[in-house]
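First listed ligand is number 1; within each ligand, the first listed atom is number 1. Here the structure is a predicted model, which is why all the values come from computation and not from measurement. The first residue in the sequence is number 1, and the count goes up from there.
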Amino acid sequence: MFNKAQIQQITQKLREELGADRVFTQVFHRLVYSRDWSPRDAKEAYLPDIVVRPFSIEEASKMVKICNEFHIPIVPYAGGTGMSGASVPIYGGISVDMKGFDEVKEVDEKNMTVTCGAGITILRLNEILAEYGLWFPHDPESKPASTVGSAVACNNDGTFAIKYGRTPDFLLNAVVVTGTGQILRIGHRKALVSSTGLKLLPLFIGSEGTLGLVCETTLRIYPLPKTRQVAGILFKSINEAMKALQRLLQAGLSVESAHINCGRRLNFYTHSFRLKHNRDPDIPEWADAVLFISFNGDEDVVNFSKNYALKVTKELSGEQLKEEAMVESWWNSKHTGSFIPFRQKWPDSQREKKFGAADLGLPVGRIEEGYKRYLEIAEKNGLEILGMCVYNEKANCISPSISFAVWVDDKDPESVQGWWNYIKEMSYMAVDLEGTMSTYWGDGQFRVGYNRYEHGESLDTMMQIKKIFDPNNIMNPGKKFDLKELEKIDFKIEKKPE
Ligand SMILES: Cc1cc2nc3c(=O)[nH]c(=O)nc-3n(C[C@H](O)[C@H](O)[C@H](O)COP(=O)(O)OP(=O)(O)OC[C@H]3O[C@@H](n4cnc5c(N)ncnc54)[C@H](O)[C@@H]3O)c2cc1C
C-alpha cells in the first residue's frame with residue numbers, strides 16, 4: 001500500500017517527533033508483530049512497515065496525528081496472545097507496541113483502586129498489588145503476556161468472573177488516544193457508578209483497537225484472599241453439572257470460580273495425568289462432565305462453603321473427583337503464573353497441532369443443543385474435537401461463556417480452512433440459538449463480513465460511531481468492520497491491496 005519512499009518519509013517524521021529510539025524498521029523487529037495466536041497457515045505472516053513503541057500518552061497522541069497526515073494504518077499490539085488476528089497488521093502500516101505503558105501510577109488503598117499504564121501485563125500488575133496485600137481479580141490464563149489494555153480492548157474472560165465480574169465491572173476510568181490523536185479521559189474517576197453524561201467507556205470495551213489506543217486505566221481492586229479451597233465434582237452430563245452449580249448459587253454460596261468441562265475436555269486432564277503418573281486416574285466410567293470450583297475468603301467460611309457444596313452436589317448425583325493431582329492440574333492451568341500455556345495441561349500439544357476454540361455465548365437453556373451442533377460442525381469440517389468448557393462470566397449467576405475447542409493442524413492448509421469454516425458456522429449457530437458469536441475473542445480479522453448476521457442494522461450505527469473516533473479509518477483497519485461497508489458510509493480510506 002505504501003511504497004518505500006513513503007515509508008521512509010513517515011519513519012523520518014516519527015523519529016523527528018518521538019525520537020529514534022521509539023521507531024523501528026528492521027525486519028527482525030517487524031517480524032515479532034506479524035502474527036498472534038490465531039490458528040493460521042504456519043507460513044502466513046503480515047509484517048508491519050514500521051514498529052513504534054511510545055512511552056507516554058503525549059507520544060502516542062503525536063504518533064496518531066502523524067499517521068493521520070499520511071493515512072497509514074495503526075495496529076495496537078500488546079502480548080500477541082489474541083486468538084482472532086485482531087493485532088495482526090493485515091494491511092501493513094504501523095504496529096504500536098503498547099507495552100511501553102507499564103507504569104503503576106497509584107495504588108489507592110483507601111478507595112481500592114489502581115491506576116496503571118494499559119500495557120502492563122496482568123501478572124506483573126498483580127505482583128505489584130500483592131506487595132500491598134491487594135489483588136486485581138481478572139485472571140485470564142494468558143496473564144504472563146496479556147495486558148490490562150487488551151483485557152479492555154477484547155473484553156476478556158477471567159477465571160474469577162462468577163464472583164467479581166469482568167472488564168465492565170473493574171474498569172472505572174481510562175485515558176485514551178482516539179484515532180484523531182485527541183486525548184480523552186473517559187469514565188467516572190474512582191466512583192463505582194455514575195449516571196451523568198453518555199457512557200463512552202463501554203464503547204472502548206471490546207473495541208479491539210478500532211477506535212483508539214487505551215493508554216491508562218483506573219481499575220477496581222480487592223484484598224488478596226486469605227485462603228482458598230478448590231474441588232472437582234463429576235457428573236453424568238453437562239446439564240446435571242449446570243443444575244448443580246445453579247443450586248449452589250441459589251443456596252447462597254459465594255463461588256469464586258466455576259468451570260464445567262464436558263467428558264471430552266475432561267480427557268485432556270486425564271491425558272496429562274497419565275503422562276505424569278503412568279497410570280489411569282480414578283474416574284468412574286459414567287462421568288461425562290466435571291465441575292471445577294473454588295471458594296476464597298476466611299478459612300472457616302471457605303471450609304464450610306466447600307463442604308456444603310460437596311454435600312449439595314452429592315444429593316444431585318455429583319461425586320467428588322478423588323485425584324487431587326487433576327484438580328491441581330486444572331488450577332495450575334487456570335491460575336498459577338508458572339503455567340506454560342497448554343504444555344502443562346496438554347503436554348504434547350502445540351507442537352503437532354494448535355488449540356482453537358469458538359467462544360460463544362449461549363442462553364443456559366440452549367447449551368445442550370449447542371453442544372450437539374458443535375460436534376456436527378466440527379466433524380463436517382474435518383476437525384478433531386477437543387471438547388467444551390462452560391465458563392461463567394457474570395457475578396453470582398450462571399452466565400455461560402463457552403469454549404468449543406478443536407485441534408487445528410497449521411501445517412495443513414485444509415485443516416486451517418476447515419477451522420475458519422468451523423468458526424463461521426459456529427458463529428451463525430450461536431445467533432440462531434439466541435446467543436452471541438463471541439464472548440472474549442471479539443470479531444478480529446475473521447468475523448468481519450458475517451458479523452452483520454448478529455448485529456443487523458446496528459452494525460451501521462457502530463460504523464458511524466467509529467467514524468466519530470477514527471474518521472480516516474486508520475485504527476486497526478479490516479478488523480470488526482468490512483472496509484467495503486465503511487466506504488459506503490463515506491469513510492476516507494486507503495484502498496486495500498489486492
Ligand atoms: C494460552 C492462552 C490463554 C488464554 N486465556 C484467555 C482467558 O483465560 N481469557 C480470555 O479472555 N482470553 C484468553 N486468551 C486470549 C487472549 O489472551 C486475550 O484475548 C488477550 O486480551 C490478548 O491480550 P494481548 O495483550 O496478548 O493482546 P494482543 O493479542 O496483542 O491484542 C489483542 C487486541 O487488543 C488490541 N489492543 C491491545 N492493546 C491495546 C490497547 N492498549 N489499546 C487499544 N487496543 C489494544 C489489539 O489491537 C488487538 O485488537 C488466551 C490466549 C492464550 C494464547
Side-chain angles (χ1 to χ4, degrees), residues 32-39 48 54 57 60 64 73-90 93-102 116-124 138-161 166-167 174-179 203-217 257 259 333-335 339-346 349-350 354-357 359 389 391 393 401 403 405 438-446 469-470 475-480:
V32 174
Y33 303 87
S34 62
R35 290 176 68 109
D36 66 356
W37 265 68
S38 51
I57 296 168
V64 175
I74 298 176
V75 184
Y77 195 102
T81 65
M83 306 281 216
S84 66
S87 61
V88 179
I90 53 174
I94 293 179
S95 280
V96 193
D97 185 333
M98 295 305 292
K99 289 192 296 299
F101 293 90
D102 63 349
C116 59
I120 191 166
T121 66
I122 288 156
L123 182 66
R124 182 69 194 128
H138 173 63
D139 194 74
E141 276 181 56
S142 51
K143 61 181 167 282
S146 70
T147 62
V148 167
S150 46
V152 175
C154 302
N155 194 7
N156 278 169
D157 268 7
T159 303
F160 305 121
R166 53 192 261 180
T167 313
V175 181
V176 300
V177 172
T178 69
L203 288 178
F204 275 77
I205 298 176
S207 61
E208 299 177 76
T210 59
L211 303 181
L213 303 170
V214 180
C215 295
E216 185 186 295
T217 57
S257 63
H259 291 179
S333 74
K334 289 293 158 192
H335 179 55
F339 172 59
I340 305 166
F342 297 115
R343 291 254 194 94
Q344 202 157 318
K345 191 165 33 172
W346 306 319
S349 81
Q350 298 304 300
K354 265 199 117 167
F355 170 94
D359 60 320
C389 178
Y391 306 109
E393 294 297 317
S401 160
S403 155
S438 174
T439 55
Y440 62 90
W441 266 42
D443 300 291
Q445 174 186 355
F446 298 105
F469 287 97
D470 177 29
M475 291 310 307
N476 215 355
K479 313 295 169 54
K480 251 187 200 312

Are any of the N/O atoms in S146 less than 3.5 Å from those in ligand 1? no
Should K480 and E208 count as an ion pair when the cut-off is N to O under 4.0 Å? yes
What residues, two or more places apart in sequence or in another chain, satisfy side-chain hydrogen bond (donor to acceptor under 3.5 Å, both in side chains) together with T178? T180
Using modelled atom types and a 3.5 Å cut-off, is there a donor and acceptor pairing between side-chain atoms of T159 and backbone atoms of D139? yes
Check the pair M98, V214 against side chain to side chain contact (heavy atoms under 4.5 Å, CB included), reporting the backbone distance first and the verdict last. CA-CA 9 Å; M98 295 305 292; V214 180; over 6 Å; no
Nitrogen or oxygen atoms of D139 and ligand 1 under 3.5 Å apart: no
Which bit of M83 gets closer than 4.0 Å to ligand 1, counting heavy atoms only: side chain, backbone, both or neither? side chain
With a cut-off of 4.0 Å, which atoms of ligand 1 are near a heavy atom of A86? 47 (O), 48 (C), 49 (O)
Kindly say whether M475 contributes a backbone atom to a donor-acceptor pair with the side chain of D470 at under 3.5 angstrom? yes
Which one of S150, S84, S207, A153 has a non-hydrogen atom at the shortest distance from atom 23 (O) of ligand 1? S150
Quick check: C154 and ligand 1, any N/O pair under 3.5 Å apart? no
Quick check on contacts: which atoms of ligand 1 are under 4.0 angstrom from a heavy atom of G82? 22 (C), 26 (O), 29 (O)
Please state which part of D36 comes within less than 4.0 Å of ligand 1, counting heavy atoms only: side chain, backbone, both or neither. neither
G79 to ligand 1: N or O pair under 3.5 Å? yes
Could you list the residues that satisfy side-chain hydrogen bond (donor to acceptor under 3.5 Å, both in side chains) with N155, not counting sequence neighbours? R166
G212: numbered ligand 1 atoms lying under 4.0 Å from its heavy atoms: 43 (C)
Which atoms of ligand 1 sit under 4.0 Å from any heavy atom of N476? 47 (O), 49 (O)
Check ligand 1 against W37 and write out every atom of the ligand that is under 4.0 Å from a heavy-atom position of the residue. 53 (C)
Does ligand 1 have an atom under 4.0 Å from some heavy atom of T147? yes
